[in-house]
Amino acid sequence: MQDQIFHLQYAMDTFYFLVCGALVMWMAAGFAMLEAGLVRAKNTTEILTKNVALFAISCIMYLVCGYSIMYGGEWFLSGIQDVDVDATLSDFAGREGGFEGGSIYSGASDFFFQVVFVATAMSIVSGAVAERMKLWAFLAFAVVMTGFIYPMEGNWTWGGGSVFGMFSLGDLGFSDFAGSGIVHMAGAAAALAGVIVLGARKGKYGPNGEVRAIPGANLPLATLGTFILWLGWFGFNGGSVLKLGDISNANAVAMVFLNTNAAAAGGAIGALVLARILFGKADLTMLLNGALAGLVAITAEPSTPSALGATLIGVVGGLIVVVSILTLDKLKLDDPVGAISVHGVVGLWGLLAVPLTNDGATFGGQIAGALTIFVWVFVSSLVVWLAIKAIMGVRVTEEEEFEGVDLSECGMEAYPEFKK
């Protein structure tokens with residue numbers, strides 16, 4: 001009878017992990033729709049191609065070496081398919097009541113859940129460099145980002161490794177529950193390096209520093225993408241509890257879902273109100289980015305705040321993202337979808353908010369973790385971007401940019417009936 005209970009808990013936690021991973025995988029569709037809606041019609045096919053290809057590259061590179069670098073073990077997940085049933089049952093039986101302690105689930109389900117996080121980090125990059133980057137230059141960077149750069153900082157954080165053998169972030173009091181810094185700020189740091197190397201889109205900034213709006217082609221699609229991301233985030237944060245098969249963890253999962261939703265709502269309203277104050281109009285793109293900012297902000301710690309606290313964390317994230325988007329434009333850092341602001345600047349806020357509700361984290365540890373992640377990812381990404389630029393170039397020609405990268409990079413248009 002006891003073995004049957006253990007089998008059930010193992011199956012329940014493994015299945016929950018897989019379902020949450022599938023929800024996070026669905027976020028790839030959200031990023032694709034969001035970015036396709038916020039770029040111009042002539043660049044839609046290329047951005048969709050990037051999003052599908054980067055997901056495939058992420059899955060392959062993390063399988064080949066990324067997971068091994070991040071968590072140890074052999075390349076190509078050697079032996080991860082093998083499950084020692086007797087040893088697993090002994091692990092359960094050695095616990096008080098069989099249920100206490102951390103989660104026990106299939107190693108394959110752990111890989112699946114982790115690999116969709118890698119793809120999320122890489123998806124952040126694609127929107128920031130949209131409309132002027134060569135497709136194959138971007139895909140070359142994706143190979144290095146998902147196979148080496150992200151797994152290295154993941155090893156120092158979730159993998160429990162020491163930073164270049166010098167110090168442990170965990171010992172300093174660093175905590176990032178589901179990846180405000182480890183996933184989102186890392187993706188934004190890589191994106192920032194790419195934007196600096198790439199430069200702004202033609203016509204985005206005037207000779208006197210004025211900022212010219214370049215509206216996206218399909219705001220209904222961008223709105224759909226935001227809601228898909230909002231839905232997928234329940235798997236992103238909820239799955240990071242890592243366990244469902246007992247009362248305390250089931251309650252923790254429910255609280256994480258509640259807080260994730262509350263923060264998104266708070267971020268949306270915060271951005272909407274501030275945009276109304278600044279622009280005199282309701283700005284849909286700011287509203288969408290505000291919701292995503294709330295989600296990013298709560299990702300670092302969705303389990304310990306109250307529902308009100310989570311909402312306020314989201315509100316602050318929504319306010320920050322509006323200010324950040326305007327500031328980056330003043331600095332002539334052209335990010336067509338606001339990815340650096342949403343995932344990077346607000347990701348930092350999410351990390352700094354953790355000690356407000358989690359006694360196990362320290363502000364010093366959070367700052368050390370944020371600096372480690374940002375410096376490593378930004379510097380290593382900058383080196384890779386510059387190397388790619390020297391080898392094959394990173395930017396399409398001015399003529400190709402004017403005509404749209406759909407034709408030059410993919411040979412087809414997303415909206416052939418509506419040429420611009």
Side-chain angles (χ1 to χ4, degrees), residues 17 62 65-73 91 94-96 100-105 107 110-111 113-114 117-118 120-121 145 147-190 236-237 239-243 248-249 252 255-256 259 296-305 309-310 313 343-381:
F17 221 22
Y62 203 62
C65 59
Y67 188 85
S68 175
I69 293 171
M70 192 161 170
Y71 292 107
D91 286 341
R95 301 174 172 192
E96 182 179 351
E100 300 301 320
S103 52
I104 300 178
Y105 42 75
D110 181 64
F111 170 79
F113 188 70
Q114 296 291 341
F117 275 54
V118 183
T120 297
M145 176 68 179
F148 178 68
I149 297 175
Y150 173 89
M152 281 296 293
E153 60 96 6
N155 174 262
W156 301 333
T157 50
W158 286 334
S162 57
V163 181
F164 294 119
M166 295 185 295
F167 60 91
S168 169
L169 291 173
D171 292 341
L172 297 177
F174 175 74
S175 176
D176 189 358
F177 186 90
S180 287
I182 297 167
V183 178
H184 294 279
M185 193 174 70
F236 201 97
N237 288 353
S240 295
V241 176
L242 307 181
K243 189 176 182 180
S248 62
N249 280 287
M255 196 65 196
V256 166
N259 283 344
V296 170
I298 201 62
T299 294
E301 185 47 85
S303 63
T304 56
I313 289 171
H343 302 276
V345 179
V346 179
L348 176 61
W349 156 241
L351 289 178
L352 295 178
V354 173
L356 299 178
T357 60
N358 183 347
D359 294 337
T362 66
F363 285 108
Q366 297 303 97
I367 293 171
L371 284 173
T372 299
I373 294 168
F374 178 81
V375 171
W376 162 253
V377 177
F378 178 78
V379 173
S380 57
S381 297

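Numbers here are sequence positions counted from 1. Just so we're clear, the structure is a prediction, and the values are computed from it rather than from any experiment.
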Do N249 side-chain atoms and A252 backbone N/O form a donor-acceptor pair below 3.5 Å? no

Here the pair of heavy atoms bringing A178 nearest to N237 is CB-OD1, 3.4 Å

Out of curiosity, Y150 OH to I373 CD1, how far, rounded to the nearest 0.5 Å? 9.5 Å

Spacing of CG belonging to L371 relative to CG belonging to L351, to within rounding of 0.5 Å: 10.5 Å

Rounded to the nearest 0.5 Å, the CD1 atom of I69 sits from the OH atom of Y62 at a distance of 9.5 Å

Whether the side chain of S68 engages the backbone of G73 through a donor-acceptor N/O pair (distance < 3.5 Å, no angle test) should be reported. yes

Specify the closest pair of heavy atoms between E153 and A186, including all atoms of both residues, with the distance to one decimal. OE2-CB, 3.5 Å

Would you name the heavy atoms of V354 and E301 that are closest together and state the gap between them? CG2-CB, 3.8 Å

Taking the six-membered ring for Trp and the single ring otherwise, decide whether the centroids of W156 and F164 are under 6.0 Å apart. yes

Any side-chain to backbone donor/acceptor pair from N259 onto P302? Under 3.5 Å, distance only. yes

4.5 Å side-chain heavy-atom contact, Y67 and D110: yes

Run F363 and L356 through side chain to side chain contact (heavy atoms under 4.5 Å, CB included) and show every step you take. CA-CA 9 Å; F363 285 108; L356 299 178; 3.9 Å; yes

Rounded at 0.5 Å granularity, tell me how far CE in M70 sits from OG1 in T157. 5.5 Å

What's the spacing between L242 CG and F177 CZ if we round to 0.5 Å? 7.0 Å

Do T120 and H184 touch side chain to side chain, with heavy atoms closer than 4.5 Å? yes

What are the two closest non-hydrogen atoms of M255 and S303, and how far apart are they? CG-O, 4.1 Å

For the residue pair Y105 and F17, categorise the inter-ring angle as parallel (less than 30°), tilted (30 to 60°) or perpendicular (more than 60°). tilted

Keeping the roles fixed (side chain from Q366, backbone from L352), state whether a donor-acceptor pair exists under 3.5 Å. no

Would you please test M145 and V118 for side chain to side chain contact (heavy atoms under 4.5 Å, CB included) and show each step? CA-CA 9 Å; M145 176 68 179; V118 183; over 6 Å; no

d(T362 OG1, F174 CZ) to nearest 0.5 Å is 10.5 Å

Can you tell me how the ring of W376 sits relative to the ring of F148, calling it parallel under 30°, perpendicular over 60° and tilted otherwise? perpendicular

Plane angle bin for F374 and F378 - parallel if under 30°, tilted between 30 and 60°, otherwise perpendicular: parallel

Carefully, step by step, assess S180 and W349 under the rule side chain to side chain contact (heavy atoms under 4.5 Å, CB included). CA-CA 9 Å; S180 287; W349 156 241; over 6 Å; no

For T372 against A368, the heavy-atom pair lying closest together: OG1-O, 2.8 Å

Shortest non-hydrogen contact from V183 toward A121: O-CB, 3.7 Å

